[in-house]
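Read through the structure below, which is laid out as structure tokens, and then see the notes.
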Number of protein chains: 2
Amino acid sequence: MPPKRTTVRDLRRQNRSTLLSMLFFEGPLSRHELGARTGLSAATVSNVTGELVEDGLVVEAGSVGSDGGRPRVLLRVNPGFGHVIGVDVGETGIKVELFDLGMTQVAAVEHAMSPADPGAVARLIAAGVAEVAAGVPVSSVLGVGVGVPGTVEQGASAIVHARTLGWDGVPLEEMVRAAGVFGVPLHVENGAKTQGQAEMWFGAGRGARHVVVALVGSGVGAAVVTEGSVYRGATSSAGEWGHTTIVYGGRACRCGSSGCLEAYVGADGILARYQEVGAAFGGGDEQSGVDALIRAAGSSEAAARVLEETAGYLGAGIANLVNLFNPERIVLGGWAGLALGERYFEEIVAATRVHSLRHPYEQTSIALGQLGPDAVAVGAATLPVAALLDRAADPRKPSSHADIA
Amino acid sequence: MPPKRTTVRDLRRQNRSTLLSMLFFEGPLSRHELGARTGLSAATVSNVTGELVEDGLVVEAGSVGSDGGRPRVLLRVNPGFGHVIGVDVGETGIKVELFDLGMTQVAAVEHAMSPADPGAVARLIAAGVAEVAAGVPVSSVLGVGVGVPGTVEQGASAIVHARTLGWDGVPLEEMVRAAGVFGVPLHVENGAKTQGQAEMWFGAGRGARHVVVALVGSGVGAAVVTEGSVYRGATSSAGEWGHTTIVYGGRACRCGSSGCLEAYVGADGILARYQEVGAAFGGGDEQSGVDALIRAAGSSEAAARVLEETAGYLGAGIANLVNLFNPERIVLGGWAGLALGERYFEEIVAATRVHSLRHPYEQTSIALGQLGPDAVAVGAATLPVAALLDRAADPRKPSSHADIA
DNA sequence: CAAGTTAGTTCGCGACTTAAAATTAGACTA
DNA sequence: TAGTCTAATTTTAAGTCGCGAACTAACTTG
């Protein structure tokens with residue numbers, strides 16, 4: 001049982017956070033409207049926003065007339081208050097992107113590399129962060145978020161387990177710090193979760209509070225959002241949808257088990273099933289393979305059948321999420337998910353309906369993701385922003401007179 | 001976005017709730033210790049507990065010496081402050097039980113009936129409540145909780161969907177009220193969730209914050225507890241584990257789909273699979289059938305094989321929960337779950353390990369439930385208690401001067 | 001330019017938590 | 001049996017916070 005007191009000061013923090021978050025997500029708003037939407041009194045809104053403006057977190061943004069009265073002054077989060085950095089550690093290289101607080105991309109770099117060696121990855125992240133942050137004052141960087149393929153164990157310091165990369169218990173957070181990123185909040189998170197977060201903030205998940213973002217690519221994963229925030233479970237490795245058993249005793253999966261969803265609807269699984277049907281494939285990477293397969297479906301009976309089966313497996317997998325999580329919306333993303341979804345949306349939805357219980361199914365809508373896999377970096381960059389909105393940037397300067405003592 | 005203000009009054013409610021909950025769960029404690037555990041100052045603890053004592057919610061319970069100083073006065077929740085009622089609507093009848101605030105059973109009645117007719121069930125609930133509450137003052141009943149087999153849609157008034165009972169959109173809450181239970185908080189909830197809640201408060205889930213209670217009986221369900229409270233999803237029908245697909249294209253399930261977990265490990269499914277293997281069964285109900293099957297496993301190769309397969313399916317199903325929810329503990333319950341678990345615990349755990357990812361698996365422990373299926377009623381009775389702890393019983397009498405106006 | 005409107009501020013109040021000082025309530029001592 | 005000690009509570013005084021009411025600011029209208 002963690003100590004759970006509530007002091008009068010938490011009130012202010014909470015209300016600061018509420019107002020700041022509302023300004024961030026609902027665009028420019030007047031104080032009046034803030035009061036109406038949050039339920040806070042005009043007095044409090046005035047008081048708190050005054051503080052936020054004084055702290056530089058919020059700025060005025062013009063005003064709009066209101067028939068016959070004093071015009072409202074619009075407020076919005078100050079995009080120049082600071083910057084955040086998002087890092088996408090992929091299977092072929094890393095991307096580092098710098099955003100201002102308006103989430104406008106300011107700079108970006110990309111380095112190809114094999115991520116087999118964690119040390120090299122950490123050094124490359126540190127180098128990328130330095131490159132990208134070169135143009136802005138150091139103190140302006142509010143935090144760095146890193147999205148990695150694999151499960152992340154959140155603790156005093158984040159530990160990464162990524163079977164596909166051969167990482168087993170890599171203390172990535174410490175390594176990145178050691179490589180030169182210190183004095184700045186560092187958040188390491190599973191890439192599927194950061195991508196899901198991006199869909200929630202800027203994509204198909206906006207406005208909903210209970211969402212499952214299902215991601216299908218080479219790997220298969222999901223980000224589960226409940227009550228508006230990403231579900232993490234006890235050690236934050238929740239949402240490992242890809243290695244959920246969907247065909248007991250079925251195809252072998254690279255995770256060592258059998259019958260996993262990923263073995264059927266992951267890019268690998270799809271192509272392997274196609275080849276087993278007798279259709280040989282030339283070389284090329286997975287992505288072009290899947291694209292070719294989808295194109296072939298127009299003429300090839302075998303290709304069409306494989307894809308229809310895939311839609312069936314995928315629908316059943318989605319149905320499991322519907323039954324277990326009862327979300328109000330399912331967002332299907334990931335490069336393979338989007339490719340399949342565009343061509344076989346009806347089939348996937350139909351399979352979902354068949355395999356889920358009527359009641360939760362009726363409560364859910366299914367949509368395609370709007371962001372594509374590039375979203376991992378933006379999503380990672382939202383992590384420090386979320387922390388900022390949550391803490392609402394510590395009220396007042398940190399201990400200004402402590403120096404004297 | 002729901003209005004989200006925080007007023008200074010919420011503080012007091014929050015702290016009342018924290019202190020009352022701590023007294024409820026952690027037995028008698030002194031004010032001093034309350035302060036230490038909650039982080040609240042001694043002054044606040046004294047102030048708030050004074051109010052709680054005055055309101056009759058808390059009473060002193062002796063004192064213990066403290067080497068050489070003023071002895072601490074122990075405080076505990078007043079068991080006599082009020083009573084709560086739990087109702088278990090089962091497939092063969094209903095049970096109604098009355099508890100005091102110490103959760104000691106004070107009275108209980110049981111009525112056999114077929115629950116096919118919702119109206120009759122509602123009337124029987126009302127009658128049972130009246131019977132059981134006959135011995136205590138009306139105003140002493142703090143609330144009634146009802147556990148039903150089927151999904152419950154929480155809204156202005158609870159609606160029940162229970163395919164096995166033939167209920168489709170039954171407004172049970174309204175019906176029970178119409179049948180005579182009014183003026184008292186009424187909570188209707190899925191029986192699996194109430195049973196899970198009981199395991200959390202009094203059984204194998206105590207002390208953990210992320211738990212999945214897996215229940216296997218005639219039906220198969222789960223109660224997912226995250227951050228200490230039952231996960232409900234968007235419309236509170238989350239946790240429908242039983243109709244999750246585990247063998248794509250497999251056995252037909254009574255839900256209309258195929259390959260559901262319930263079709264393999266539900267009592268029905270187990271017995272049906274045994275019969276298909278050629279072993280004929282006499283009559284008898286499911287429970288004695290499963291018991292007989294387990295006894296037969298000692299001598300019959302076929303019976304043993306069916307049960308081992310069952311353990312495999314069940315382990316895979318549990319592994320899916322491990323992968324998706326990343327709980328710190330799994331509690332296996334339900335009458336069939338307990339029967340299987342006692343005899344085949346090793347096999348179930350082994351299958352779980354095989355089908356789950358190593359990392360989340362290592363974070364989880366698997367335990368048998370401690371309460372048995374009788375727990376549905378106690379669990380239902382915890383619902384009004386939870387509401388009480390949460391609101392901390394409205395500070396001060398409800399609008400004492402509103403009468404005058 | 002006066003009247004009418006709507007937005008935002010200021011002021012004083014009541015409710016809260018807290019730190020510090022004061023007050024118990026036994027145990028121990030001489 | 002009065003005096004001394006120690007540790008648990010209760011009081012007291014101070015500082016925060018959000019709220020409602022009264023007040024001020026900034027336009028539009030006729």
Side-chain angles (χ1 to χ4, degrees), chain A residues 3-20 22-23 28-54 58-76 392 394-396 401, chain B residues 3-19 23 28-54 58-75 392 394-397 401:
Chain A
K4 193 78 197 292
R5 79 162 164 293
T6 315
T7 85
V8 68
R9 216 131 187 177
D10 296 324
L11 275 193
R12 188 48 150 265
R13 219 186 3 256
Q14 168 73 46
N15 285 332
R16 259 176 86 103
S17 172
T18 303
L19 290 174
L20 189 59
M22 185 148 302
L23 285 175
L29 291 172
S30 70
R31 292 173 232 261
H32 193 68
E33 200 155 358
L34 278 173
R37 295 216 200 182
T38 58
L40 285 165
S41 71
T44 300
V45 171
S46 185
N47 188 342
V48 175
T49 55
E51 226 175 85
L52 290 171
V53 169
E54 195 183 314
V58 165
V59 291
E60 301 198 341
S63 59
V64 308
S66 64
D67 50 6
R70 174 177 177 170
R72 334 169 193 227
V73 176
L74 296 180
L75 298 173
R76 66 189 165 99
D394 246 29
R396 307 283 131 211
H401 55 66
Chain B
K4 194 74 199 288
R5 78 163 166 292
T6 314
T7 86
V8 69
R9 216 135 187 174
D10 296 323
L11 274 194
R12 185 47 152 266
R13 229 201 342 268
Q14 168 73 47
N15 285 335
R16 258 176 86 102
S17 171
T18 303
L19 289 174
L23 284 176
L29 291 171
S30 70
R31 293 174 231 260
H32 192 68
E33 199 153 0
L34 279 173
R37 294 216 200 182
T38 58
L40 284 166
S41 71
T44 300
V45 171
S46 183
N47 190 340
V48 174
T49 54
E51 226 175 84
L52 291 171
V53 168
E54 194 182 316
V58 166
V59 291
E60 303 198 341
S63 60
V64 308
S66 63
D67 49 5
R70 176 175 177 172
R72 331 167 192 228
V73 176
L74 296 180
L75 298 174
D394 249 29
R396 306 285 129 210
K397 317 112 206 197
H401 54 67

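Each chain gets a letter, A, B and so on, in the order the sequences are listed, and its residues count up from 1. Here the structure is a predicted model, which is why all the values come from computation and not from measurement.
The minimum heavy-atom distance between A:Leu11 and B:Val8, with the atom names listed, is CD1-CA, 3.4 Å. Across all non-hydrogen atoms, the minimal contact from A:Ala61 to A:Arg76 is CB-NE, 3.2 Å.
When the C1' atom of D:dT9 is taken as reference, atom CD of B:Glu33 falls 15 Å away, rounded to whole Å. We find that CG of A:Leu29 is positioned 15 Å from C1' of C:dG8, with the value rounded to whole Å. Straight-line distance from the CD atom of B:Glu60 to the C1' atom of C:dT24: 13 Å, rounded to whole Å. Atom CG in B:Leu19 sits about 12 Å away from atom C1' in C:dT17, given to the nearest Å. Taking atom CZ of residue B:Arg72 and atom C1' of nucleotide D:dT9, one finds them 13 Å apart after rounding to whole Å.
Not one N or O on the side chain of B:Ser46 forms a donor-acceptor pair closer than 3.5 Å with the backbone of B:Ala43.
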Using a cutoff of under 3.5 Å, can you pull out all pairs of nitrogen or oxygen atoms linking the protein to nucleotides 24-28 of chain D, with atom names and distances?
unit_1: D:dA25; atom_1: O4'; unit_2: A:Arg70; atom_2: NH1; d: 3.4
unit_1: D:dA26; atom_1: N3; unit_2: A:Arg70; atom_2: N; d: 3.2

Distances for protein N or O near nucleotides 15-19 of chain D N or O, under 3.5 Å:
unit_1: D:dG18; atom_1: OP1; unit_2: A:Asn15; atom_2: ND2; d: 2.9
unit_1: D:dG18; atom_1: OP2; unit_2: A:Arg12; atom_2: NH1; d: 2.5
unit_1: D:dC19; atom_1: OP2; unit_2: A:Ser41; atom_2: N; d: 3.0
unit_1: D:dC19; atom_1: OP2; unit_2: A:Ser41; atom_2: OG; d: 2.9
unit_1: D:dC19; atom_1: OP2; unit_2: A:Thr44; atom_2: OG1; d: 2.8

Apply the test side chain to side chain contact (heavy atoms under 4.5 Å, CB included) to residues B:Leu23 and B:Leu34: give CA-CA distance (whole Å), side-chain angles for both, the deciding distance (0.1 Å), then the verdict. CA-CA 8 Å; B:Leu23 284 176; B:Leu34 279 173; 4.1 Å; yes
Under the side chain to side chain contact (heavy atoms under 4.5 Å, CB included) criterion, do A:Leu19 and A:Thr38 qualify, and how do the steps go? CA-CA 8 Å; A:Leu19 290 174; A:Thr38 58; 3.8 Å; yes
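Taking only side-chain nitrogens and oxygens, A:Ser46 comes nearer than 4.0 Å to OP1 or OP2 of C:dT9.
Proximity of B:Val53 to B:Val59: side-chain heavy atoms (C-beta onward) are nowhere separated by under 4.5 Å. Looking only at side-chain heavy atoms (C-beta outward), A:Val58 and A:Thr49 stay at 4.5 Å or farther from each other.
Under the salt bridge (charged side-chain N to carboxylate O under 4.0 Å, His left out) criterion, A:Arg31 pairs with A:Glu60, sequence neighbours left out.
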